[in-house]
Student: 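Handing you a structure now.
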4 protein chains.
Amino acid sequence: MGLEEYRRSVSENKHAAILKAGRKHFLEHGYSGAAAADIAREADVSTATLYKHFSSKEELFVAVVKDADHEEEIPPFPDNASLEDTMVAVLNNYLITHFEKNATALLRIVIAEVPGAPDLARDTFNEFIVSRYQKLADIVDQLIAHGTLKPHDSHFGVRLLIGAIKEHYIWPALFDNKTTMPEHAEDVIRQVVKDYLRLYGT
Amino acid sequence: MGLEEYRRSVSENKHAAILKAGRKHFLEHGYSGAAAADIAREADVSTATLYKHFSSKEELFVAVVKDADHEEEIPPFPDNASLEDTMVAVLNNYLITHFEKNATALLRIVIAEVPGAPDLARDTFNEFIVSRYQKLADIVDQLIAHGTLKPHDSHFGVRLLIGAIKEHYIWPALFDNKTTMPEHAEDVIRQVVKDYLRLYGT
Amino acid sequence: MGLEEYRRSVSENKHAAILKAGRKHFLEHGYSGAAAADIAREADVSTATLYKHFSSKEELFVAVVKDADHEEEIPPFPDNASLEDTMVAVLNNYLITHFEKNATALLRIVIAEVPGAPDLARDTFNEFIVSRYQKLADIVDQLIAHGTLKPHDSHFGVRLLIGAIKEHYIWPALFDNKTTMPEHAEDVIRQVVKDYLRLYGT
Amino acid sequence: MGLEEYRRSVSENKHAAILKAGRKHFLEHGYSGAAAADIAREADVSTATLYKHFSSKEELFVAVVKDADHEEEIPPFPDNASLEDTMVAVLNNYLITHFEKNATALLRIVIAEVPGAPDLARDTFNEFIVSRYQKLADIVDQLIAHGTLKPHDSHFGVRLLIGAIKEHYIWPALFDNKTTMPEHAEDVIRQVVKDYLRLYGT
DNA sequence: TATGAATGAGCCTTCATTCAT
DNA sequence: GATGAATGAAGGCTCATTCAT
């Protein structure tokens, strides 16, 4: 039906616009700092419309956070790449994705709301951190199965890798409003991978 | 002068009481969630007095954060302890200190206010994270100098250690309102140290 | 014309549905408490349609009140009943009708809107209270004409009767959200009638 | 203490001013129609101050209603007055008090809020209607004890009296925004009393 | 000096009513 | 003609900060 279709498309556009504006304001000013009226204005929508789409500020906030949390593609690795190069590429991709998503700022506001919205924080942690995590562990498990890596606790191993990288690049960014991917990260990543392979390579 | 002294001491007591109450409320409710009136009431002081001591809410906030940042004692290790045990003890102490200070909650509110108070965030990061960091690097450097560890970039090494431990215990706590020291952390710490020594021990 | 007829009937059904839904919501939540959107939803109609039928919330309100004001049937009394029994039956019917119509709630909202809708209040009072009144006075006048009652001011007499009954049952209900007919009202009614007959019976 | 006294007096003045302004606005516009901001402006006070004195609009409303409900003085009757004159005076006083207090408008807003504030309605009914009631029943009981009236159920008797008077004067006022005492009420009151004495006088 | 009352600006949310299709 | 989305104008309430004593 033409009318219905039209309405749906308009509605979806507004929905997306609100989400986008919400994301911008929440990231810039935090949860309490962002005003519903400002978000509505930014989305070129009335406050009432905003509240038709999201029944409360908190719901919009949750939607903004969940919206950012879509699947991350792990690119296929060339067959002829060395194990080291492959792992470096995977971890580098991890970092790139993180910064492309502006995940630092996002995590920042979620962290800020931990006392007020513990469920959201837990969900975000699980789906935004643990699940990315799991993907790497799966890769490690495959490599172990293929005999490319020594048998070891893949979760522990991944935490070693990711921990080091976060320590170098993500943790500082959390405190520095950094939004750009750090330069030369690959060098450090390679160094981390090298150590890892010294421990768990065959 | 006795009277003046008395007054100064009363004033200092109030100052401290406000700081303490501020710390409690900021940690519990975050920056925006903490109300000046509540903090004053908790400190048993009028709001006007609070504003005499700290000219704005933000100033109080900064003071609270800076106040939390006092020196951490690294306990002396027994001479006859093994290298592994020593390092485990140091890292365990790192974690214990973190949880005793309720540093997670503190970092949380600082992180939350990064966009609003970037200087505070930078300072906090430097004095609260980097400097603790530096202490460990110093220890590693000493161990290298003593020939107990292989020569290597001590900062890189420390980041490997601390990164893994944060990944296991601090990062999750950031999202979980956890205030208690995790149990059995020592097992994981020991595993991390073992790997580290496999890489850099002599 | 069949099509036109059909449309008119559909329209009338919607009109009635809106009226019914309006009645329900106004009675339950009062004038300000009732939301146009809720009434429309209840009537299974769009808000725009609601406003096609009633050009404002107030107009709908007036229509709801007027609609409730339909004729009340006074049942015929058996010829062989005693005067006392007859009068008790009439007054009892008065009360039953009141509660069956849920008149308490209706009067409540009209009373509430006296400052805002004085005309409606006056009309309601006249057509909903005075006219019921008049009917009883007519009966009394007939009884006087028949010589069954002593000559007296029938309006004054009816006010004595009705006043006592309202005092016992309707006035309290006005403050108590009561919607059910009080039990054993007949005993009090009979007592009132007895006194009345002692005064004005022959 | 001078300061404290001063503050208390200022505070009490504001409290009273808010109460008075609230009374005015609630009576004029009903509960939902009265805006906190308007009440505050009328009381020459900021909204925040209003909310310091009454923690919610509803609480202010309740206070307004309770405030109106202070004791009613029943004037002493001259010893040499006849029973009829005495009772007429008492009932007349009842009506006068009712209109002086502007009780009609007050009851109107309480009635309007019955669904939303049933407790207030119950309390108001008890303390504002039943207790005035009880006073008259006490008088009747005394008269019975003195042998001036025949023994009878004093509550029933009072309901007869009050019911008739309300029917004549209060019930219509409820629907008519009347704020002035009806004229010549005494004639009807006397007639009601006469009938009452025919029934229960000795 | 310390106080507690006072404030004005602002925030979240709702709702009667209109509009584009 | 009927719809559901959209709106602008409040409204209740809070809070960092100041002021009169």
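In what follows, every chain begins at residue 1, and chains take the letters A, B, ... in the order their sequences are listed. Both backbone and side-chain heavy atoms feed into the values below; hydrogens, waters and symmetry mates do not.
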Student: My understanding is that only one of Leu19(B), Asn13(B), Ile18(B) makes a side-chain contact (heavy atoms from CB on, under 4.5 Å) with His15(B); could you say which?
Tutor: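 So, applying the side-chain contact (heavy atoms from CB on, under 4.5 Å) to His15(B) and each of Leu19(B), Asn13(B), Ile18(B), only Leu19(B) qualifies.
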Student: Would you mind reporting whether Arg23(A) and Asn102(A) have side-chain heavy atoms less than 4.5 Å apart?
Tutor: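 They are in side-chain contact.
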Student: Nearest whole Å is fine: how far is dC15(E) P from Leu50(C) CG?
Tutor: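 Rounded to whole Å, this separation is 15 Å.
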Student: Would you say Asp44(B) has more than 12 foreign heavy atoms packed within less than 6.0 Å of its CG?
Tutor: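 Incorrect, the count does not exceed 12.
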Student: Side chains of residues 109-117 of chain D: which donor-acceptor partners sit under 3.5 Å, not counting sequence neighbours?
Tutor:
none

Student: Mind checking whether Thr179(A) and Thr104(A) have side chains closer than 4.5 Å, heavy atoms only?
Tutor: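 The answer is no; the side chains never approach within 4.5 Å.
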Student: Nucleotide by nucleotide, 5' to 3', does protein get under 4.0 Å of the base (B), only the sugar-phosphate (S), or neither (-) in nucleotides 11-18 of chain F, counting heavy atoms?
Tutor: -SBBBSBB
Student: As a check on the pairing definition, encode DNA chain E in dot-bracket form, counting Watson-Crick and G-U wobble pairs whose two distances are under 3.5 Å, and using | for partners outside this strand.
Tutor: .||||||||||||||||||||
Student: Do you know which two heavy atoms are closest between Ser32(A) and Ser32(B), and how far apart they sit?
Tutor: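 For Ser32(A) versus Ser32(B), the nearest heavy atoms are OG-OG, 3.0 Å.
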Student: Side-chain donor-acceptor contacts of residues 56-64 of chain B below 3.5 Å, not counting sequence neighbours, with atom names and distances?
Tutor:
residue	atom	partner	partner atom	Å
Ser56(B)	OG	Glu58(B)	N	3.4
Ser56(B)	OG	Glu59(B)	N	3.1
Lys57(B)	NZ	Tyr31(B)	O	2.8
Lys57(B)	NZ	Ala34(B)	O	2.8
Glu59(B)	OE1	Ser55(B)	OG	2.7

Student: Is there side-chain contact between Ile39(A) and Phe26(A), with at least one heavy-atom pair below 4.5 Å?
Tutor: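 Counting from C-beta outward, Ile39(A) and Phe26(A) do come under 4.5 Å.
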Student: Measure NE2/His29(C) against P/dA16(E) and give the value in whole Å, please.
Tutor: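 Rounded to whole Å, this separation is 13 Å.
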Student: Closer to the 5' end of DNA chain E via nearest nucleotide, is it Asp44(B) or His53(D)?
Tutor: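 Taking each residue's closest nucleotide, the earlier one in sequence belongs to Asp44(B).
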Student: Which residues in residues 13-24 of chain B have at least one heavy atom lying under 4.0 Å from any atom of DNA chain E?
Tutor: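 Per residue number, the list reads Lys14(B).
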Student: Are any non-hydrogen side-chain atoms of His53(B) and Thr49(B) less than 4.5 angstrom apart?
Tutor: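 Yes, their side chains come closer than 4.5 Å.
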Student: Please name all residues satisfying side-chain hydrogen bond (donor to acceptor under 3.5 Å, both in side chains) with Asn177(B), sequence neighbours left out, ordered by chain then number.
Tutor: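 Applying side-chain hydrogen bond (donor to acceptor under 3.5 Å, both in side chains) to Asn177(B) gives Arg108(B).
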Student: For Glu12(A) and dG4(F), what is the distance between atoms CD and P respectively, to the nearest whole Å?
Tutor: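 Rounded to the whole Å, the gap is 17 Å.
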Student: A side-chain contact here means heavy atoms from C-beta on lying under 4.5 Å apart; do Lys66(A) and Asp123(A) qualify?
Tutor: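 In contact.
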Student: Round to a whole Å and report the spacing from NE2 of His25(C) to C1' of dA16(E).
Tutor: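 Rounding to the nearest Å, NE2 of His25(C) and C1' of dA16(E) are 15 Å apart.
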